[in-house]
Amino acid sequence: MPSLSFRDDFSVGEISEIEESCREAASSRCSLFVDQASTDDCQGRAKVGQPLNCISLTYFFFLSTFQELDENLVESLTSILGEKRVSLTEPVREQHGRDEGPYEPMPPQMVVFPETTDEVSEVAKACYSFNVPMIPFGTGTGLEGGTLALNGGVCLDLMRMHGIGDVHAEDFFVSVRPGVTRLHLNRFIKDHGLWFPVDPGADASLCGMCATSASGTNAVKYGTMKENVLNLEVVLADGRVLHTAGKDRCTKKSSAGYNLTNLFLGSEGTLGIITEATLKLHAIPETMLSAICSFPSVKSAVETTIQIMSSSIPVARIELLDEEAMKACNAYSKTDYEIAPTLFFEFHGSEASVEAEASLVGDLSEANGGSGFRYAKTPEDRSKLWKARHDMYYAILSTKPGYRAVITDVCVPVSQLETMITETQHDFNVSGLSGPILGHVGDGNFHSFVMFDPEDDSQLKAARELASRMARRALALKGTCTGEHGVGWGKKPYLDEELGGVNVDVMRQIKAALDPKNLMNPGKVF
Ligand SMILES: Cc1cc2c(cc1C)N(C[C@H](O)[C@H](O)[C@H](O)COP(=O)(O)OP(=O)(O)OC[C@H]1O[C@@H](n3cnc4c(N)ncnc43)[C@H](O)[C@@H]1O)c1[nH]c(=O)[nH]c(=O)c1N2
Ligand SMILES: CCCCCCC(=O)C(=O)O
Ligand SMILES: [Mn+2]
C-alpha cells in the first residue's frame with residue numbers, strides 16, 4: 001500500500017536522495033510523486049501527483065509501488081503485435097517516459113508500437129481488461145510532462161502509424177495517421193499548392209498537436225488546431241472506435257449533434273487515442289513577406305502589437321522577442337539582429353497587399369519608436385528568420401547549461417498584454433531570476449523561461465512562485481494559464497480557479513463516462 005507523507009519544504013538535495021532511494025527500490029517499480037495542490041488539498045488525500053522536481057506550490061509525496069505487469073497481459077500484447085513491436089527494455093521505456101519539458105523521466109512499464117487502428121483497439125481492449133493505464137506517445141515534444149507514466153502502464157508509441165490519405169484539394173482537406181508530422185505533411189501537399197499552417201516550434205506529430213490543441217506563429221491569421229481539425233478517429237479506453245464527425249465525413253461546418261471533435265482536441269490523451277486526424281488545408285499565399293523591427297522597450301513593442309491588431313491589418317504572424325531572447329537568438333542561430341525588444345512580422349497575400357500591409361505596420365512601428373525595420377523577402381531569408389524563432393526554446397536552454405526552467409504559457413486578451421508583460425518584467429527584476437520573454441503576442445500569448453540553478457533551493461522556490469504569480473495574474477486579467485502547451489501536470493492547480501468548480505466537475509463526469517477505469521493517461525489535466 002502506498003505510504004503517504006506530507007511536507008512542504010523538500011530541498012532539491014532531499015528530492016534527489018529520495019528519488020535515488022526510489023530508483024534502487026528492489027523488485028517492484030517504485031515511483032515518487034508529489035502532488036501540486038493547495039495545502040488543504042494535501043490533507044491525507046492520496047492523489048497521484050507529479051514528479052518531484054516539477055514546480056509546485058506544496059509538496060506531499062508518497063511511495064507508490066506498482067505491481068509488475070500481469071504476464072498474461074504481456075503475452076496478449078505480444079500476440080497482438082508480435083515480439084518486435086513490444087518492449088520491456090529499460091532504454092526503450094526511459095525514452096518513452098519523458099517529453100521536452102523540465103520533468104524527470106517517469107518510464108512506462110512497457111512500450112508497444114501499433115501500426116493500425118485495429119491493433120490500437122486490440123491493445124486498448126487488453127489493457128482495459130487488465131486495468132492497466134495507457135499513455136499515447138507521438139513525437140514526445142510536449143512541454144508539460146504529458147507522456148510521463150505517473151501510474152506506470154503501457155505506452156503506445158504511434159509513430160509507426162504512417163499514412164496520408166487522398167489530398168482533397170478541391171475541398172481543402174486531408175487525413176493523416178499519428179505517425180505524420182507537420183513538416184512531413186507540408187512537404188507532401190506542397191505540389192497541390194496547399195499547406196497546413198499550424199506551426200509549433202517542434203516538428204510535432206499532427207495527432208499529438210490535436211491532443212494538446214497546439215498552436216504556433218501562424219495562429220494570428222489561421223487559428224490553432226481547434227480551428228483546423230474537421231474530424232478525428234479515436235480509440236476509446238475500452239477499444240471502441242469513434243469518428244467525431246461521422247466516419248469519412250468532412251464538411252466545413254455541421255450542426256449534427258455535440259461537437260465531439262473539439263471535445264478530443266486538447267484532451268491530452270486522457271479521453272482516447274487519436275488514430276487519424278482530418279485537417280483543413282489552406283492555399284499557399286501568392287506572396288509571403290517577413291520583416292523585423294527593433295523597439296526601445298517591450299512596452300512600445302506591445303503597444304505597436306495592440307495597435308496593429310485593433311487596426312485589423314491582417315498580419316499573418318507577429319512575434320515578440322525581448323532583449324534577452326534576441327541575445328540568445330543571435331548566439332544560437334548565428335543571426336545578426338539588433339539586441340533590443342523586437343517584433344517579427346509576416347504578411348501573406350498578393351504582392352500589392354503585402355507591400356501595403358508591411359508599409360502600414362512599418363509606419364505604426366516607427367510611430368512607437370521602432371527602428372531598423374528590415375524585410376526578409378527571399379524564401380531563404382524568411383526560413384532563416386522563422387527557424388531562428390522556432391528554435392528559441394533550445395536557444396534559451398543553451399544560454400545556461402545545467403540550469404532548469406519553468407516554461408510559462410499565459411494568454412490574455414491582447415488589450416491586457418501590456419499589463420501582463422510589464423508586471424512580469426517587474427517580477428523578474430524583484431526575484432533576481434533571469435527569464436527571457438517571447439511569443440505569440442498577436443494572440444495575447446507569450447512565454448517566459450524562468451531559469452534557475454537546480455542546486456540552489458532559493459532559486460527553485462523563487463522560480464516556482466514567479467511562475468505561479470504569472471499564471472494567477474493571467475487569470476485575474478481574464479486570461480488562461482495555458483494558451484497552447486496544455487495542462488499536463490504543471491498547470492493542474494490552476495484549473496479550478498480558471499474554469500470554476502462546476503466546469504471541472506463536468507470534465508470529470510465526461511472523463512468518467514468515457515474512461516470509467518481512469519486508464520487513459522491518468523493524472524494529467526486534473
Ligand atoms: C522547440 C519546441 C517548440 C514548441 C514546442 C515544443 C518544442 C520542443 N511546443 C510543444 C509541442 O510541440 C506540442 O505540444 C505538440 O502538440 C506535441 O506533439 P507531440 O506529438 O510531440 O506530442 P507528445 O508525444 O509530446 O504528447 C503530448 C501529449 O499528447 C498526448 N498524445 C500524443 N499523441 C496522441 C494521440 N495520437 N492521441 C491521443 N493523445 C496523444 C500524449 O499522451 C501527451 O499527453 C509548442 N506547442 C505549441 O502549441 N506551440 C508552440 O509554439 C510550440 N513550440
Ligand atoms: C521561453 C521559451 C519557451 C518556448 C516554448 C516553445 C514555444 O511554445 C514557442 O513558441 O517557442
Ligand atoms: Mn509557443
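Residue numbers count from 1 along this sequence. In each ligand, atom 1 is the first atom listed, and ligand 1 is the first ligand listed.
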Participant: Could you tell me, atom by atom, which parts of ligand 1 come under 4.0 Å of a heavy atom of Ala214?
Facilitator: 16 (O), 48 (O)
Participant: Looking at atom 8 (O) of ligand 2, what's its closest protein heavy atom, distance included?
Facilitator: His485 NE2, 2.7 Å
Participant: Could an N or O of ligand 1 be found under 3.5 Å from any N or O of Glu268, whether backbone or side chain?
Facilitator: yes
Participant: Ser205 heavy atoms, cut-off 4.0 Å: which ligand 1 atoms fall inside?
Facilitator: 20 (O)
Participant: Considering the heavy atoms of His440, write down every atom of ligand 1 situated less than 4.0 Å from one of them.
Facilitator: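 Within the 4.0 Å cut-off of His440, ligand 1 contributes 51 (O).
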Participant: Can you tell me if Thr141 and Glu100 form a side-chain donor-acceptor pair at under 3.5 Å?
Facilitator: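 Side chains of Thr141 and Glu100: no pair found under 3.5 Å.
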Participant: Taking atom types as modelled, find out whether Lys327 and Thr399 have a side-chain donor-acceptor pair closer than 3.5 angstrom.
Facilitator: no
Participant: Using a strict cut-off of 4.0 Å, indicate which atoms of ligand 1 neighbour a heavy atom of Ile274.
Facilitator: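 Once the distances to Ile274 are compared, the set is 35 (C), 36 (N), 37 (N), 38 (C).
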Participant: Enumerate the ring-ring contact (aromatic ring centres under 6.0 Å, His included) contacts for residues 207-238, please, sequence neighbours excluded, ordered by first and then second residue.
Facilitator: Trp195-Tyr222, Tyr222-His282, Tyr222-His348
Participant: Looking only at protein heavy atoms, which one is nearest to atom 19 (P) of ligand 1, and how far off is it?
Facilitator: Thr139 OG1, 3.2 Å
Participant: So is there a nitrogen or oxygen of Thr212 less than 3.5 Å from a nitrogen or oxygen in ligand 1?
Facilitator: yes
Participant: Counting only nitrogen or oxygen atoms and a 3.5 angstrom limit, does Asn521 reach ligand 1?
Facilitator: yes
Participant: What is the closest protein heavy atom to atom 2 (C) of ligand 2, and at what distance does it sit?
Facilitator: Phe449 CD1, 3.6 Å
Participant: Any N/O/S of His440 under 2.8 Å from the Mn ion (ligand 3)?
Facilitator: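 Within the cut-off used here (under 2.8 Å), His440 does place an N, O or S atom near the Mn ion (ligand 3).
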Participant: Below the 3.5 angstrom mark, is there an N/O of Ala202, backbone or side chain, next to an N/O of ligand 1?
Facilitator: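 Between Ala202 and ligand 1, no N or O pair is found under 3.5 Å apart.
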Participant: What residue and heavy atom of the protein are closest to atom 30 (C) of ligand 1, and at what distance?
Facilitator: Ala211 CB, 3.7 Å
Participant: Around atom CG of Asn429, are there more than 12 heavy atoms of other residues, nucleotides or ligands at under 6.0 Å?
Facilitator: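 For Asn429, atom CG is crowded (more than 12 foreign heavy atoms under 6.0 Å).
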Participant: Can Met392 be said to touch ligand 1, with heavy atoms closer than 4.0 Å?
Facilitator: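 Checking ligand 1 against Met392, which is what was asked, there is no heavy-atom contact under 4.0 Å.
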Participant: Determine whether the side chain, the backbone, both or neither of Thr217 has a heavy atom under 4.0 Å from any heavy atom of ligand 1.
Facilitator: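 None of Thr217 does.
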Participant: Considering heavy atoms of the protein only, find what lies nearest to atom 25 (O) of ligand 1 and give residue, atom and distance to 0.1 Å.
Facilitator: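 Going atom by atom, the protein heavy atom closest to atom 25 (O) of ligand 1 ends up being Gly142 N, 2.8 Å.
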Participant: With heavy atoms of His440 as the reference, note each atom of ligand 2 found under 4.0 Å away.
Facilitator: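 Per the distance check, 10 (O).
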Participant: Among residues two or more places apart or on two chains, list those pairs meeting side-chain hydrogen bond (donor to acceptor under 3.5 Å, both in side chains) that have a residue in residues 119-139.
Facilitator: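 Residue pairs passing side-chain hydrogen bond (donor to acceptor under 3.5 Å, both in side chains), neighbours aside: Arg85-Glu119, Glu122-Lys125, Asn131-Lys517.
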Participant: Assess whether a salt bridge exists between Asp199 and Arg317, defined as any Lys/Arg side-chain N lying under 4.0 Å from an Asp/Glu carboxylate O.
Facilitator: yes
Participant: Tell me which one of Glu324, His447, Arg389 gets a heavy atom nearest to atom 4 (C) of ligand 2.
Facilitator: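 Among Glu324, His447, Arg389, the closest heavy atom to atom 4 (C) of ligand 2 comes from His447.
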Participant: Using non-hydrogen atoms of the residue, decide whether Glu484 is closer than 4.0 angstrom to ligand 2.
Facilitator: yes
Participant: Report yes or no: does a heavy atom of His390 sit under 4.0 Å from some atom of ligand 2?
Facilitator: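 Contact absent.
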Participant: If you measure every N or O of Gly201 against every N or O of ligand 1, does any of those distances drop under 3.5 Å?
Facilitator: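 Yes, since at least one N or O of Gly201 sits under 3.5 Å from an N or O of ligand 1.
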Participant: Could you tell me which atoms of ligand 1, counted from 1 in the order shown, lie closer than 4.0 angstrom to a heavy atom of Gly272?
Facilitator: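 Answer, ordered by atom number: 38 (C).
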Participant: Touching ligand 1 at all, Phe264? Heavy atoms, strictly under 4.0 Å?
Facilitator: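 Heavy atoms of Phe264 never come under 4.0 Å of ligand 1.
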Participant: Which residue owns the protein heavy atom closest to atom 12 (O) of ligand 1, what's the atom, and how far is it?
Facilitator: Thr141 OG1, 2.7 Å
Participant: Checking one value in my table: which N/O/S atom of Glu484 lies closest to the Mn ion (ligand 3)?
Facilitator: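 Of the nitrogen, oxygen and sulfur atoms in Glu484, the Mn ion (ligand 3) lies nearest to OE2.
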Participant: Can Trp386 and Ser290 be counted as having a side-chain donor-acceptor contact under 3.5 angstrom?
Facilitator: yes
Participant: Can you report which non-hydrogen protein atom sits closest to atom 45 (C) of ligand 1, along with the distance?
Facilitator: Pro200 CB, 3.6 Å
Participant: May I ask you to identify the nearest protein heavy atom to atom 5 (C) of ligand 1, giving residue, atom name and distance to one decimal place in Å?
Facilitator: Leu143 CD1, 3.8 Å
Participant: Taking only Lys NZ, Arg NE, NH1 and NH2, and the carboxylate oxygens of Asp or Glu, determine whether Glu144 and Lys524 approach each other closer than 4.0 Å.
Facilitator: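 No, this pair does not count.
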Participant: Could you list the atoms of ligand 1 found under 4.0 angstrom from a heavy atom of Gly146?
Facilitator: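 This gives 42 (O), 43 (C), 44 (O) as the contact atoms.
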Participant: So between Pro136, Ala149, Gly269, whose heavy atom ends up nearest atom 34 (C) of ligand 1?
Facilitator: Pro136
Participant: Is the shortest distance from a Lys or Arg side-chain nitrogen in Glu465 or Lys461 to a carboxylate oxygen in the other one below 4.0 Å?
Facilitator: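 So Glu465 pairs with Lys461 through a salt bridge.
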Participant: Measuring to the Mn ion (ligand 3), does Asp409 have an N/O/S atom at a distance below 2.8 Å?
Facilitator: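 Not a single backbone or side-chain N, O or S atom of Asp409 is under 2.8 Å from the Mn ion (ligand 3).
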Participant: Check this for me, if you would: do Lys247 and Glu276 make a salt bridge, where the nitrogen-to-carboxylate-oxygen distance has to be below 4.0 angstrom?
Facilitator: no
Participant: Any side-chain donor paired with an acceptor under 3.5 Å for Thr278 and Arg249?
Facilitator: no
Participant: Using a plain distance cutoff, I'd like to know if Thr147 has any nitrogen or oxygen under 3.5 Å from a nitrogen or oxygen of ligand 1.
Facilitator: no
Participant: Under a plain distance cut-off of 3.5 Å, with no hydrogens placed, do Thr335 and Ser333 share a side-chain donor-acceptor pair?
Facilitator: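 Not at all, the side chains of Ser333 and Thr335 share no donor-acceptor pair under 3.5 Å.
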Participant: Between His243 and Asn231, do the side chains contain a donor N or O and an acceptor N or O under 3.5 Å apart?
Facilitator: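 Judged by distance alone, the side chains do not pair up.
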Participant: Are side-chain N/O atoms of Ser215 and Thr224 paired as donor and acceptor at under 3.5 Å?
Facilitator: no
Participant: For ligand 1, does Lys524 get within less than 4.0 Å through its side chain, its backbone, both, or neither, judged by non-hydrogen atoms?
Facilitator: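 No part of Lys524 comes within reach of ligand 1.
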Participant: May I ask you to check whether Asn445 and Asp409 show a side-chain donor-acceptor distance below 3.5 Å?
Facilitator: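 On atom types as modelled, these side chains qualify, holding a pair under 3.5 Å.
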Participant: Using a 4.0 Å cut-off to any heavy atom of Cys207, which atoms of ligand 1 qualify?
Facilitator: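 Contacts of ligand 1 toward Cys207, numbered from 1: 36 (N).
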Participant: For atom 51 (O) of ligand 1, what's the nearest protein heavy-atom neighbour? Residue, atom name and distance, please.
Facilitator: Glu484 OE2, 3.4 Å
Participant: For ligand 1, which atoms, with element, lie under 4.0 Å from some heavy atom of Gly140?
Facilitator: 21 (O), 23 (P), 24 (O), 25 (O)
Participant: Strictly under 4.0 Å, does any heavy atom of Cys210 approach an atom of ligand 1?
Facilitator: no
Participant: Nearest protein heavy atom to atom 8 (C) of ligand 1, by residue and atom, and its distance?
Facilitator: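 Answer, as residue, atom name and distance: Tyr394 OH, 3.4 Å.
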Participant: Ligand 1 and Ser215, any nitrogen or oxygen pair closer than 3.5 angstrom?
Facilitator: yes
Participant: Is it the side chain, the backbone, both or neither of Leu143 that has a heavy atom closer than 4.0 Å to ligand 2?
Facilitator: side chain
Participant: Judging by distance only, is a nitrogen or oxygen of Tyr393 under 3.5 angstrom from one on ligand 2?
Facilitator: no
